[in-house]
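Scroll down for the structure; my scribbles are underneath it.
Both counts, for ligands and for their atoms, begin at 1 and track the order of listing.
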Amino acid sequence: MNLARFPRIRLGHLPTPLEPMENLSRHLAGPDGGPNLWIKRDDCTGLSTGGNKTRKLEYLMADALAQGADTVITQGATQSNHARQTAAAAAKLGLACHILLEDRTGYTDDAYAQSGNVLLDRLHGASIARFPGGTDMQAQMESMAAELRQAGRKPYVIPGGGSNAVGALGYVNAALELVAQAAEIGLRVDHVVHATGSSGTQAGLVAGLVALNSGIPVLGIGVRAPREKQEANVLALAEKVATHLGLPGIVKAEHVVANCDYVGQGYGLPTEGMVAAVTLLAEKEGILLDPVYSGKGMAGLIDLVRKGHFKKGENVVFVHTGGAVGLFAYPDALGVATDKADA
Ligand SMILES: *Cc1c(COP(=O)(O)O)cnc(C)c1O
């Protein structure tokens, strides 16, 4: 595998730190001990507060520039972290940015509709258009691109979450980074766990870890789709990524595992487990998770540790995919305990 042959623009602060979570590990350990929990700080990629989309955008934006684009179009949920990081990358590279936001939660309060990621989208100078839940967002992007072409612009369409074979290269790169980092500090990584949504993160990690013959299994904690659909989406994309890398056929169905038991009522809708996980990490580790992805991913990890899913002494790396900006969009779900404590 030779990643350097793919065009890339440096946007992130890489490598991101790989840190032990000693307090959390101790807190969750039973009387006989438990796994050692580590965290890969992809929330610290730097671009507009950081997050996992920055790694994907290093390859997507390079592709956009290679194609002569002067404008990028992308889409996501109202509080899309992907949209925010794309707006920042476009700003840095001098491209116009159009963001199409789909209302997937039905929340209309100001915090959700205007603050958090939406505030930052605007600060980066992106235009925002809103659509009701269930809109065919890919079709909307294509029609906007056609209009812009008519007007003489050169738009580049980035799929939701930046999840295609080009964007997922960012997580192939993350797999290389993690394996090298772990080797340097003598850490045997037994499991990688992270929140999985539009699939690019897991597909890239799986393709990269398999290509390296690392033997490290990846567990995606789903935030939207049911398990079968999520695994099918990740597998299909991981196969494309492997082919793009010149290694067709290396990713097998057994390499792709998702657990979608922690979604709750739906995408972007708070769960008790998420609130507990966000609170616990803030209090025990001084780390900010997010309500939509890493909070639910960590809720899954915590529950699986408590159920004895991981063996004592195993090293489990949670990839923190970012998103803490979204905390400000959920004051009611997260603020209640604080108000009570203050009163
Ligand atoms: C987009 C996102 C994810 C999910 O990554 P995918 O590549 O879409 O599966 C996880 N966490 C955060 C904070 C995200 O913004």
Going by the 4.0 angstrom heavy-atom rule, the piece of V292 near ligand 1 is neither
Margin query: For D42 and T321, which I'm curious about, is there any donor-acceptor pair between the side chains at under 3.5 Å?
Written below: no
Honestly, is K40 close enough over Y171, meaning NZ or CZ under 6.0 Å from the six-membered ring centre and within 45° of the axis?
no
Nearest non-hydrogen protein atom to atom 14 (C) of ligand 1, with distance, is K53 NZ, 2.9 Å
Could you say whether the N/O atoms of S198 and ligand 1 ever approach to under 3.5 Å?
-> yes
_Short N or O distance, N81 and ligand 1, threshold 3.5 Å exclusive_ = yes
* To do: May I ask you to say whether R84 pairs ionically with D121, meaning some side-chain N is under 4.0 Å from a carboxylate O?
  => no
protein heavy-atom neighbour closest to atom 13 (C) of ligand 1 works out as G322 O, 3.0 Å
Closest to atom 5 (O) of ligand 1 among protein heavy atoms sits N52 ND2, 3.1 Å
Item checked: is_close_aromatic(Y59, F6), centroid dist under 6.0 Å -> no
Note: K56, heavy atoms under 4.0 Å from ligand 1, region reported as side chain
The option among D42, V325, T201 carrying the non-hydrogen atom nearest to atom 6 (P) of ligand 1 is T201
Using the ring centroid of each side chain, check whether H191 and F310 are separated by less than 6.0 Å.
yes
Quick note on ligand 1: atoms under 4.0 Å from a heavy atom of G323 include exactly 13 (C)
Purely on distance, is any nitrogen or oxygen of G197 under 3.5 Å from one on ligand 1?
yes
Determine whether any heavy atom of G161 lies closer than 4.0 Å to an atom of ligand 1.
no
min-distance protein heavy atom vs atom 11 (N) of ligand 1 -> T321 OG1, 2.6 Å
Near T196 (heavy-atom distance under 4.0 Å), the atoms of ligand 1 are 9 (O)
| query | Can you find an N or O of H82 that's nearer than 3.5 Å to an N or O of ligand 1? | reply | no
Checking side-chain polar atoms at under 3.5 Å, does R41 have a donor or acceptor matched by the opposite partner on T16? no
Between the side chain of R227 and the main-chain N/O of A258, is any donor-acceptor distance below 3.5 Å? yes
> Parallel under 30°, tilted from 30 to 60°, perpendicular over 60°: which one fits the rings of Y293 and Y267?
Replying inline: perpendicular
message: Between the side chains of D32 and K312, is the shortest nitrogen-to-carboxylate-oxygen separation below 4.0 Å, so that they form an ion pair?
response: no
